[in-house]
Amino acid sequence: MATSKFASSTRSIPERDDGPRHVAIIMDGNGRWARKRFLPRVAGHVRGVETVRATIRSCIERNITHLTLFAFSSENWRRPADEVSFLMQLFMRSLKKEIERIHENGIRFRVIGDLSRFDDELVAMIRDAEALTTDNTRLNLTIAANYGGRWDILQGVRRLVADAGPTTDITEEALEPYLSMAFAPEPDLFIRTGGEKRISNFLLWQLAYTELYFTDALWPDFGDEALDAALASYRQRERRFGRTSEQLDGAAQKGAKGGTRA
């Protein structure tokens with residue numbers, strides 16, 4: 001398998017842009033949003049789909065090239081069976097309804113995760129949607145479904161060993177192309193809504209040097225103002241990638257003298 005075309009934050013220093021190019025979001029708080037309004041939890045999930053649609057549009061407007069959304073974790077199977085069933089049906093309905101619009105807007109659609117527990121009909125819909133949008137470049141939209149960071153690393157190791165044979169010489173560079181997000185740069189900004197301050201087994205490998213942002217806003221309430229607050233926080237961060245602040249200042253001065261962006 002070919003080497004990943006994107007730089008690793010633990011082996012090299014990524015270029016710094018004014019804003020993030022890859023944003024990853026845990027969309028938390030749908031159930032609490034519904035309970036606050038004396039509605040069933042599933043009503044929050046329905047409203048959350050509307051927020052997904054608005055967030056996709058907002059990311060395109062803000063020149064974000066990659067958006068990864070944690071829709072269903074490998075641990076979410078522990079939820080009540082009726083809620084899980086509703087989420088699966090909601091995923092299917094939303095995909096049927098939105099995929100043509102996604103394609104018409106030049107968005108590349110992918111799903112990462114262990115799809116073996118999903119119905120064959122849903123898996124076929126996902127694969128058809130991925131094939132339909134394969135040449136689109138305006139925004140890379142990735143949905144993590146039945147996904148877990150530990151699963152991702154383990155499945156990557158298994159695939160690597162299957163190709164390379166038994167070996168103890170497994171390097172980061174060798175493993176990265178086998179991970180679920182090998183097609184994308186590492187996230188610059190991670191956002192979790194709903195007030196919880198943990199990453200919940202999401203993109204464990206890829207978030208090594210990602211800037212983390214937590215907000216009390218429940219996902220259905222996460223609009224443009226909340227997104228802009230997260231982006232403003234990101235722009236204030238000093239992304240050192242293991243270096244000192246003095247080194248960053250020196251690199252910036254050198255870049256200014258050379259007429260290049262630091």
Side-chain angles (χ1 to χ4, degrees), residues 1-17 20-26 64-76 107-118 123 126-127 129-131 133-137 139-192 198-212 234 237 239-244 247-248 251:
M1 181 173 287
T3 302
S4 175
K5 64 180 180 179
F6 294 104
S8 165
S9 59
T10 56
R11 297 199 311 275
S12 62
I13 301 172
E15 293 184 7
R16 173 67 189 265
D17 292 321
R21 58 175 175 168
H22 185 176
V23 175
I25 305 177
I26 291 182
I64 293 167
T65 60
H66 292 75
L67 174 63
T68 301
L69 303 175
F70 204 5
F72 192 85
S73 77
S74 51
E75 291 74 45
N76 284 153
I107 298 168
R108 175 73 183 270
F109 175 84
R110 291 183 177 92
V111 174
I112 60 170
D114 181 5
L115 303 188
S116 63
R117 293 191 64 175
F118 293 160
V123 174
I126 289 170
R127 297 311 182 204
E130 291 176 330
T133 63
T134 189
D135 294 325
N136 296 341
T137 59
L139 174 72
N140 287 272
L141 172 64
T142 304
I143 304 298
N146 195 25
Y147 174 89
R150 291 183 177 180
W151 166 87
D152 192 4
I153 295 169
L154 285 172
Q155 66 85 31
V157 171
R158 291 177 182 135
R159 292 171 58 206
L160 171 59
V161 171
D163 283 353
T167 177
T168 58
D169 186 24
I170 296 178
T171 64
E172 288 186 33
E173 188 173 11
L175 177 59
E176 282 169 353
Y178 292 89
L179 299 175
S180 296
M181 294 293 295
F183 57 84
E186 295 175 4
D188 300 296
L189 174 63
F190 162 92
I191 300 170
R192 180 168 187 154
R198 54 179 176 267
I199 60 175
S200 296
N201 199 20
F202 183 42
L203 301 178
L204 296 182
W205 182 283
Q206 295 84 357
L207 293 179
Y209 270 98
T210 299
E211 300 298 325
L212 308 182
Y234 172 83
R237 308 286 180 92
R239 305 197 73 195
R240 296 191 297 272
F241 299 101
R243 298 168 295 172
T244 67
Q247 285 176 297
L248 290 183

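Just so it is clear, the values below take in all heavy atoms, side chains as well, and ignore hydrogens, waters and symmetry mates. Note that the structure is predicted; figures quoted are calculated from it, not measured.
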(request) Any chance you could measure Leu160, atom CG, to Glu176, atom CD, to the nearest 0.5 Å? (result) 11.5 Å
(message) A side-chain contact here means heavy atoms from C-beta on lying under 4.5 Å apart; do Trp205 and Leu175 qualify?
(response) yes
(request) Check whether any side-chain N or O of Ser73 sits under 3.5 Å from a backbone N or O of Glu75 as a donor-acceptor pair, and report yes or no. (result) yes
(request) Mind checking the OG1-OH spacing from Thr210 to Tyr234? Nearest 0.5 Å is all I need. (result) 9.0 Å
(request) Please determine which of Ile26, Leu203, Ile25 meets the side chain to side chain contact (heavy atoms under 4.5 Å, CB included) test together with Phe190. (result) Ile26
(message) So does Arg108 get a backbone contact from the side chain of Asn136, meaning a donor-acceptor N/O pair under 3.5 Å?
(response) no
(request) Mark yes or no for whether Asp114, through its side chain, and Asn146, through its backbone, hold a donor-acceptor pair below 3.5 Å. (result) no
(request) Please round to the nearest 0.5 Å and tell me the distance separating atom NE2 of His66 and atom CD of Glu186. (result) 12.0 Å
(request) Rounded to the nearest 0.5 Å, what's the gap from CG on Leu204 to CH2 on Trp151? Could you check? (result) 12.5 Å
(request) State, to 0.1 Å, how close Phe70 and Ser200 come at their nearest heavy-atom pair, and which atoms those are. (result) CE2-O, 3.6 Å
(request) Among Thr65, Thr142, Asp188, Thr68, find the one that has a side-chain hydrogen bond (donor to acceptor under 3.5 Å, both in side chains) with His22. (result) Thr68
(message) Treating Glu130 as the side-chain partner and Val111 as the backbone partner, does any N or O pair qualify as donor plus acceptor under 3.5 Å?
(response) yes
(request) Measure from the side-chain N and O atoms of Asp152 to the backbone N and O of Ser180, and report whether any donor-acceptor pair falls under 3.5 Å. (result) yes
(request) Search all heavy atoms of Gln155 against all heavy atoms of Tyr178 and return the closest pair with its distance. (result) NE2-O, 3.1 Å
(message) Let me confirm one number: the CG-CZ distance from Leu212 to Arg198, rounded to the nearest 0.5 Å.
(response) 14.0 Å
(message) Main chain of Gly149, side chain of Asn201: is a donor-acceptor contact present, judged purely on distance under 3.5 Å?
(response) yes
(request) Report the distance from atom CG of Asn140 to atom CD1 of Ile64, rounding to the nearest 0.5 Å. (result) 12.5 Å
